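Below is one structure, written out as structure tokens; comments come after it.
We number each residue from 1, following the sequence as shown. Everything numeric here is computed off the predicted structure, so don't read it as measured data. Ligands are counted one by one from 1 in listed order, and the atoms in each one are counted from 1 as well.
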Amino acid sequence: MAKKKIDVTGKRFGRLRVIKEVEPKGYKRRYLCKCDCGNEKVVYLNNLTRGMTTSCGCFQKEKARESSLVDLTGKRFGFLTVINQASSKNNRTYWRCECNCGKSIVVEASRLLNGKTKSCGCFRKEEGFKRKNEQEEKYRKDGVMVTSLKRKINKNNSTGVKGVSLFKTKKSIKYRAQIGIKNTIIDLGVFDTIEEATLARKQAEEKYHKSYLED
Ligand SMILES: [Zn+2]
Ligand SMILES: [Zn+2]
């Protein structure tokens, strides 16, 4: 069964109007077309019927030019304000921007439009710096939890004196003094009287905590 030979002469495909069939390239049939823009172009029949080719190429060029020529002057992207167009090549447009920090940089249009570039780089640096400062503030006291040093005496404290607890033996009741420093409990000893234990604790406070509590 012979394949019916189609003829698209005189038909329109997008911006192209088919003028006449020309020499095929191998087995591929080709047509000479005239574009609305005035250019003539030889197009494969397949590309015409599949809608692959709808202009001499002027349509694609226009689209590319459109997107690269969106005027970004005066627009703001994060920290950046677009000052003017810096350059343009291969359908990519580069814009000169001024950052909030005063620095000026050149950024490609699409990086601004898709939000990839929001500052000269100072924003990221600042973020990192802020985080580092917070961390430092947290650990500034060398791992000593200052809030816990200033905390009121625990209600469950058996003696009413911070850092002094009852130390019961079979024979008697003694007093154990302790101090917490850098997440470690330091044993200051067991004393016969609460006064001695309190004194030991006070001396230890002077020794270990004072430098941390005085700002
Ligand atoms: Zn054209
Ligand atoms: Zn900046």
Next on the checklist: Do T198 and E195 pair up side chain to side chain, a donor and an acceptor below 3.5 Å, judged on atom types alone?
Outcome noted: no
Item to check | Derivation and outcome, side-chain contact (heavy atoms from CB on, under 4.5 Å), residues F13 and V18 | outcome: CA-CA 8 Å; F13 297 92; V18 183; 3.6 Å; yes
Item to check | Contacts of the Zn ion (ligand 1) with protein N/O/S atoms, counting only those under 2.8 Å | outcome: C35 SG, C37 SG, C56 SG, C58 SG
Next on the checklist: If we count only N and O atoms by modelled type, under 3.5 Å, do the side chains of Y31 and N47 hold a donor and an acceptor together?
Outcome noted: no
Checklist entry - Please state the angle at the Zn ion (ligand 2) spanned by SG of C122 and SG of C120: what is it, rounded to 10 degrees? => result 110°
Next on the checklist: For the residue pair K28 and Y44, would you count it as a cation-pi contact if the rule is NZ or CZ under 6.0 angstrom from the ring centre and within 45 degrees of the ring axis?
Outcome noted: yes
Item to check | Y175-F191 aromatic ring centre distance below 6.0 Å | outcome: no
Next on the checklist: With a 4.5 Å cut-off on side-chain heavy-atom distances among I, L, V, M, F, W and Y, is there a chain of contacts connecting L80 to V70?
Outcome noted: yes
